[in-house]
Amino acid sequence: MIIAFICIVLIFNTMETISIHRPKIVVIGSCNTDMVVKANRLPVPGETILGGTFYMNPGGKGANQAIAAARLGAEVTFISKIGYDLFGLQALEIYRSEKINTEYIFTDQKSPSGVALISVDSFGENSIIVAPGASRSLSIEDINKAEEKIKEADIILMQLEIPIDTVEYAATIACKYGKKVILNPAPASSLSNSFLMNVHTILPNRIEAEMLSGIKVMNIESAHRAAQAIGEKGIENVVITLGKDGAYVKEKDEYTMIPAKEVETIDTTGAGDVFCGAFSVCLSEGHSLAKSVKFANAAAAIAVTRIGAQSAIPYKREVVL
Ligand code: ADP
């Protein structure tokens, strides 16, 4: 009787350990504060316009993707750099409230935290200037300090809002430990083949896919050619996100179009970031690339029905395939 009871307790404990296992994701990237002014129209050079509305939102592709991965179920370490100022401290508070490990968010004593100055007109057209500030000084030495975390992680997720040398170095370290590197090549840049060979899956949107392949992505046929051309640079897996159409997937030698969910779209800001965070969580849980894209489509579809970037990111319990 007592032995049976002990066995039941042991089985229960084991089941609990399995069910509470969360994938470990290290996100390496930027932290910005978006400062947005909405006005009837955008000013021409030299002009001042009165009557705008101002609001401030936390942002940065790195931060958005770290929050997406955390809300969708991963144990996230965010490697980033802030300035010694109020914006940086506010950002840290947000990450802590999202249960993100902030141990490797470094502080640059000389640069301000990154900001994006965004003007939006009544048609939703915008103009944006990003001052990366401290994000620009996230260095190879910083990556070395966080090497243990990279070693423990299931997946490393990066974008291109930090110095490219740092991104390339982090990919080399990740590969040394056999970790999967997921790259969201945003903002669009050209990248060396030697770096791309260290990437497990690349997640460009239409513009970034065009930058990498030289092929304008307008439909499935051109997405196919772009995915093929990007793959020829040495990456096995290419997922081109196509906004409301979903994503075009190249997995080794197989090509598939995975449609988006049909939803009432309110604001697409940060949809790509939710997609990247969600994709990484699902893949790191051991699911297939196709299932991870479906999960990412479902999570991003929820985000576009809500206003804002970080505020629109869904939680795991909300995402239904
Ligand atoms: P980015 O935001 O980086 O420009 P996309 O516009 O390609 O990237 O969007 C990323 C993903 O977000 C898409 O692959 C899709 O899953 C989802 N998405 C974007 N816009 C919509 C939409 N209008 N309806 C449903 N899903 C969308």
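Positions are given from 1 along the sequence. Ligands are counted one by one from 1 in listed order, and the atoms in each one are counted from 1 as well.
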Around [atom], find the nearest protein heavy atom and jot down its residue, atom name and distance.
| atom | result |
| --- | --- |
| atom 16 (O) of ligand 1 | Asn297 OD1, 2.6 Å |
| atom 25 (C) of ligand 1 | Lys261 O, 3.3 Å |
| atom 2 (O) of ligand 1 | Gly272 N, 3.0 Å |
| atom 17 (C) of ligand 1 | Ala300 CB, 3.5 Å |
| atom 11 (C) of ligand 1 | Phe275 CD1, 3.9 Å |

- Query: Between Thr265 and ligand 1, which residue portion shows a heavy-atom distance shorter than 4.0 Å: side chain, backbone, both, or neither?
  - Reply: side chain
- Query: Ion pair present between Asp142 and Lys81, side-chain N to carboxylate O less than 4.0 angstrom?
  - Reply: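 So Asp142 pairs with Lys81 through a salt bridge.
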- Task: Give a yes or no on whether Met35 and Tyr55 share a hydrophobic cluster (residues Ile, Leu, Val, Met, Phe, Trp, Tyr; joining criterion: side-chain heavy atoms under 4.5 Å apart).
- Result: no
- Between Asn40 and Ser122, do the side chains contain an N or O donor and an N or O acceptor separated by less than 3.5 Å?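 Side-chain D/A pair, Asn40 to Ser122: absent.
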- Residue pair Asp273 / Asn64, side-chain donor-acceptor N/O under 3.5 Å: yes
- Would you check whether Gly246 has a nitrogen or oxygen atom less than 3.5 angstrom from a nitrogen or oxygen atom of ligand 1?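 Yes - when backbone and side-chain N and O of Gly246 are compared with those of ligand 1, one distance drops under 3.5 Å.
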- State whether the shortest distance between N or O atoms of Thr241 and N or O atoms of ligand 1 falls below 3.5 angstrom. yes
- Task: Decide yes or no for Ile79 and Ile143: does some side-chain heavy atom of the first lie under 4.5 Å from some side-chain heavy atom of the second?
- Result: yes
- Task: State whether Tyr104 and Lys145 meet the cation-pi test: NZ (Lys) or CZ (Arg) under 6.0 Å from the six-membered ring centroid, and within 45° of the perpendicular axis.
- Result: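 No, Lys145 does not sit over the ring of Tyr104.
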- Query: Nearest non-hydrogen atom to atom 27 (C) of ligand 1 belongs to which of Ala271, Ala296, Gly243?
  - Reply: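 Considering heavy atoms of Ala271, Ala296, Gly243, the nearest to atom 27 (C) of ligand 1 sits in Gly243.
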- Proximal atoms of ligand 1 relative to Val263 (non-hydrogen, under 4.0 Å): 24 (N), 25 (C)
